[in-house]
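For reference, the structure is listed below as structure tokens.
Below, chains carry the letters A, B, ... as their sequence lines are ordered, and counting in each starts from 1. The figures that follow rest on heavy atoms only: side chains count, while hydrogens, waters and symmetry mates do not.
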Amino acid sequence: MSSELDEPVLGGLRNLGGHMSQEQRFGILSALDLVDEYVSVPTAIGDAIVAFNQHGISYLRVATTPAQFAAGYARQIGPRPLTPARRPPPGLVTALRTGRTGRIRVDLRSHAPFQRDVLAAAREIPVGEVRPYRWIAAAIGRPNATRAVGTALGHNPVPLVIPCHRVVRSDGKPGGYVFGAVSKEGILRREGVDIDYLVALHRRGVGYIGSDTTGVFCHPTCHNARRITDEHRVLLRDAMHAQNRHFRPCRACRPVPSAA
DNA sequence: TCGGTGGCCCTTA
DNA sequence: ATAAGGGCCACCG
């Protein structure tokens, strides 16, 4: 668990703090941005270990040991000491259970601006819904960077907390995932996403669903699309097709034009 | 339908 | 500083 750095640092403060409790010591070290705490939490795909500090969750991995976790942490985040925590940050376990992780704070300080933008956009996808990689690219103002979006999501330091599993391929298939494509499918199904339906829609050439009463078109999983009754449901090939038929894009799910 | 190909673009070694 | 490579995508056979 210990890097070369943490013994001198922890040892020094231990002496300085005299008989301080572990919590008190962490409080000081955390305030100085010198350590993260880590703790195990249950998730939909098994127990995870999360690291966190005063800024938020910094790292999450599933099916790992503290030693492996620390190694991954050092590689992706940096050589910062980790110290065991007694309990997870308030609200985290519930948020992971419901998938509503939007208000959980995350610490992305060690990541590049592009990565942060990508991850921030991914956070906007609600439980039970999915968006294509292309959608993230458009959302952050880099419509051609879809491949780089995939790479950035692949480096998501806090999967599940930032729901990168809700970003899928344009053909409706789930695509890759940091914990494996199988887990991605499992998580999405558990969140209520019907992957087979999405693939079937795409095979039929349907990219969006419109309502002929509101004149709005949506991603198929958008909560607004799901409320359209059968008789008013219009199947649309792509955004161009939709606009030609005078549908306007849903303000909630923000359909984007297909790539040039 | 599946698999390969070329294009894209950000990050890292 | 540059080149390789990756959770993509559209296109083609």
Side-chain angles (χ1 to χ4, degrees), chain A residues 43-46 48 58-64 71-80 99 101 106-125 129-191 193 195-208 219-221 236-242 253-260:
Chain A
T43 80
I45 50 175
S58 54
Y59 196 59
L60 181 155
R61 296 287 105 158
V62 298
T64 188
Y73 182 92
R75 215 177 319 111
Q76 278 199 45
I77 310 296
R80 168 191 297 246
T101 54
V106 295
D107 174 16
L108 301 177
R109 285 173 301 158
S110 58
H111 297 265
F114 178 84
Q115 308 242 26
R116 285 202 290 259
D117 290 347
V118 167
L119 295 171
R123 293 201 91 172
E124 296 175 13
I125 310 171
E129 304 189 25
V130 295
R131 304 283 183 271
Y133 288 91
R134 207 180 48 218
W135 179 87
I136 302 262
I140 65 174
R142 301 211 130 74
N144 295 316
T146 71
R147 185 140 192 200
V149 165
T151 305
L153 292 175
H155 295 318
N156 179 5
V158 287
L160 301 174
V161 176
I162 292 180
C164 57
H165 58 276
R166 295 178 196 151
V167 186
V168 300
R169 295 178 12 169
S170 317
D171 62 5
K173 293 177 185 168
Y177 187 50
V178 53
F179 298 145
V182 177
S183 321
K184 186 174 187 174
E185 278 204 41
I187 300 164
L188 287 176
R189 288 190 202 286
R190 183 182 296 232
E191 291 187 348
V193 176
I195 295 168
D196 303 322
Y197 166 71
L198 293 177
V199 171
L201 271 185
H202 178 267
R203 284 205 225 275
R204 294 166 54 199
V206 178
Y208 295 105
H219 285 95
T221 58
L236 300 160
R237 171 172 193 69
D238 54 30
M240 179 80 69
H241 180 210
C253 70
R254 308 202 301 275
V256 299
S258 40

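Picking from C/dA10, B/dC8, C/dC9 the nucleotide with the shortest atom distance to the side chain of A/R169 gives C/dC9. Between B/dC9, B/dC2, C/dG7, one nucleotide has an atom nearer to the side chain of A/Y177 than all others, and that is C/dG7. Comparing B/dC9, C/dC9, C/dG7 by their nearest atom to the side chain of A/C164 picks out C/dG7. Proximity note for A/R134 (side chain, C-beta onward) versus C/dC9, B/dC10, C/dG7: the nearest is C/dC9. Distance from the side chain of A/R142 is smallest to B/dC10 among B/dC10, C/dC9, C/dA10. Of the candidates C/dG7, C/dC9, B/dC2, the closest approach to any side-chain atom of A/P132 belongs to C/dC9.
C/dG7 atom C1' lies 17 Å from atom CZ of A/R166, rounded to whole Å. The interatomic distance linking A/N156 (CG) with C/dG7 (P) rounds to 13 Å, in whole Å. Here the C1' atom of nucleotide C/dC9 and the OH atom of A/Y133 are 12 Å apart, to the nearest Å. Counting to the nearest Å, the P atom of C/dG7 and the CD atom of A/E185 are 17 Å from each other. Here the P atom of nucleotide C/dC11 and the CG atom of A/D238 are 11 Å apart, to the nearest Å. Taking atom CG of residue A/L119 and atom C1' of nucleotide B/dT11, one finds them 14 Å apart after rounding to whole Å. C/dC9 atom C1' lies 13 Å from atom NZ of A/K173, rounded to whole Å. Rounded to an integer number of Å, the gap from CD1 of A/I162 to P of C/dG7 is 17 Å.
Distances shown here put every side-chain N or O of A/T146 at or beyond 4.0 Å from the OP1 or OP2 atom of C/dC9.
Of all the residues in residues 106-116 of chain A, not one reaches under 4.0 Å from DNA chain C with any non-hydrogen atom.
Within the 4.5 Å cutoff, the side chain of A/V130 has no heavy atoms near those of the A/I195 side chain. Within the 4.5 Å cutoff, the side chain of A/R147 has no heavy atoms near those of the A/Y133 side chain. Annotation: side chain of A/D196 is in contact with side chain of A/R189 (closest heavy-atom distance under 4.5 Å). Considering only heavy atoms from C-beta on, A/R134 stays 4.5 Å or farther from A/P143 through its side chain. Looking at A/L198 and A/D171, their side chains never come closer than 4.5 Å, going by heavy atoms from C-beta outward. Side-chain contact between A/H165 and A/S183 is absent, with no heavy-atom pair separated by less than 4.5 Å.
Between the side chain of A/N156 and the main chain of A/I162, a donor-acceptor pair closer than 3.5 Å is present. Using modelled atom types, one side-chain atom of A/W135 and one backbone atom of A/R254 make a donor-acceptor pair closer than 3.5 Å. Between the A/H202 side chain and the A/G172 main chain, no donor and acceptor come within less than 3.5 Å of each other.
Across every strand in view, C/dG7 sits unpaired, with no contact that passes the Watson-Crick or G-U test at under 3.5 angstrom. Base pairing analysis places B/dC8 opposite nothing; no Watson-Crick or G-U wobble pair with both distances below 3.5 Å involves it.
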Tabulate atom names and distances for all N/O pairs under 3.5 angstrom spanning the protein and nucleotides 3-6 of chain C.
unit_1, atom_1, unit_2, atom_2, d
C/dG6, N7, A/R147, NH2, 3.1
C/dG6, N2, A/T151, OG1, 3.4
C/dG6, N3, A/T151, OG1, 2.9

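Comment: A/R166 engages A/E191 in a salt bridge, judged by a side-chain N to carboxylate O separation of less than 4.0 angstrom.
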